[in-house]
Chemist: 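I have a structure here, written as structure tokens, and I will follow up with some questions on it.
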Amino acid sequence: MVQNAIVKKIVGEGVAEVSLLRQMECGLHCDGACAGCSAKPPQEILALAANSIGAKPGDFVEVEPAGGHNISPSVAVFLLPCVGLGLGYALGANLLHLSELAAMATAALGLAAGFVPALLMDRAIARSKAPEFSILKRLR
């Protein structure tokens, strides 16, 4: 989904920090002349964007999410605890022949064990400084 943003600062070679703008009725094409429109959103959302067009701070730009690596880590983070839950229950009920309550306890342990790699993966994704967006063009 293409969004409008304002370039806040240049972070590094080919990377800029942008402030994502909320979608407004005028699309910010009114040059801020309307009374109800502001050039800066009330809650600023900052993100990194690949700056291949050489946008400078203060430029209004059009950005799109960087493709590729967004969905598969998310699926893994959500599925790992579910798989741990199922495997924990199967281990307790079928292999160890535990009672129903004890099998539920092994399921809870499996759930907790599934959260550990999911949490580590989520933190690694959050720590990576890869640009989340790509700047497509300068609007003004």
Side-chain angles (χ1 to χ4, degrees):
M1 179 175 102
V2 176
Q3 291 182 285
N4 294 339
I6 299 173
V7 177
K8 298 302 265 183
K9 64 181 176 181
I10 304 301
V11 178
E13 184 70 31
V15 179
E17 183 180 77
V18 296
S19 173
L20 299 173
L21 301 173
R22 295 182 319 162
Q23 296 299 322
M24 297 181 195
E25 292 78 20
C26 65
L28 292 176
H29 296 304
C30 64
D31 295 324
C34 349
C37 184
S38 65
K40 183 180 176 188
Q43 291 116 6
E44 191 172 37
I45 301 170
L46 298 175
L48 295 178
N51 186 9
S52 60
I53 66 165
K56 294 176 179 32
D59 287 349
F60 282 87
V61 294
E62 192 173 82
V63 298
E64 73 175 349
H69 64 279
N70 293 341
I71 193 74
S72 59
S74 300
V75 169
V77 165
F78 287 109
L79 280 182
L80 282 173
C82 295
V83 169
L85 178 75
L87 288 176
Y89 184 80
L91 176 72
N94 298 329
L95 293 177
L96 299 177
H97 304 291
L98 298 175
S99 68
E100 192 71 26
L101 187 60
M104 290 170 79
T106 59
L109 289 174
L111 179 67
F115 273 118
V116 171
L119 181 66
L120 294 175
M121 187 183 302
D122 183 54
R123 287 189 179 171
I125 291 168
R127 275 194 308 266
S128 73
K129 298 295 181 188
E132 302 169 63
F133 292 89
S134 297
I135 298 177
L136 298 176
K137 63 182 176 180
R138 191 176 291 122
L139 297 174
R140 339 181 227 161

Chemist: Please check: side-chain N/O of S134 versus main-chain N/O of E64, any donor-acceptor pairing under 3.5 Å?
Modeler: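 Checking the backbone N and O of E64 against the side chain of S134, no donor-acceptor pair under 3.5 Å is found.
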Chemist: Find the distance between CG (L87) and SG (C82) and round it off to the nearest 0.5 Å.
Modeler: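 So the CG of L87 and the SG of C82 are separated by 11.0 Å.
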Chemist: Please report the closest heavy-atom contact between P131 and A49, naming both atoms and the distance.
Modeler: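 Looking at all heavy atoms of both residues, the closest pair is CB-C, 3.8 Å.
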Chemist: Just how far is it from atom CG of L20 to atom NZ of K8, taken to the nearest 0.5 Å?
Modeler: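 Interatomic distance, L20 CG to K8 NZ, rounded to 0.5 Å: 11.5 Å.
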Chemist: Inspect the surroundings of CE in M121 and state if more than 12 heavy atoms from other residues, nucleotides or ligands are less than 6.0 Å away.
Modeler: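 Yes.
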Chemist: Does the side chain of P57 reach to within under 4.5 Å of the side chain of I10, using non-hydrogen atoms?
Modeler: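 P57 reaches I10 side chain to side chain.
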Chemist: For G54, does its backbone N or O pair with a side-chain atom of R138 as donor and acceptor, under 3.5 Å?
Modeler: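 Side chain of R138 to backbone of G54, a donor-acceptor pair under 3.5 Å: yes, one is there.
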Chemist: Which heavy atom of V77 sits nearest a heavy atom of A118, and at what distance?
Modeler: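 For V77 versus A118, the nearest heavy atoms are O-CB, 3.5 Å.
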Chemist: Roughly how far, to the nearest 0.5 Å, is the CD1 atom of I135 from the CD atom of E62?
Modeler: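 E62 CD to I135 CD1: 11.0 Å, rounded to 0.5 Å.
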Chemist: Answer yes or no: is there a side-chain heavy-atom contact under 4.5 Å between E100 and Y89?
Modeler: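 E100 vs Y89: side chains touch.
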Chemist: Tell me the closest heavy-atom pair linking A5 and V18, and the distance in Å.
Modeler: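 Of all heavy-atom pairs spanning A5 and V18, the closest is CB-CB, 4.0 Å.
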Chemist: For the atom pair CE (M104) and CG (L85), what is the distance rounded to the nearest 0.5 Å?
Modeler: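 So the CE of M104 and the CG of L85 are separated by 9.5 Å.
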Chemist: What's the spacing between L80 CG and L120 CG if we round to 0.5 Å?
Modeler: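 It comes to 10.5 Å.
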Chemist: How close do A93 and A103 get, counting heavy atoms only, and between which atoms?
Modeler: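 A93 and A103 have their closest heavy atoms at N-CB, 3.8 Å.
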Chemist: With side chains defined as the heavy atoms from C-beta onward, is the minimum distance between I53 and N51 less than 4.5 Å?
Modeler: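 Side-chain contact under 4.5 Å: yes.
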Chemist: Do you reckon F78 sits in the same ILVMFWY cluster as L111, going by side-chain contacts under 4.5 Å, direct or chained?
Modeler: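 No, separate clusters.
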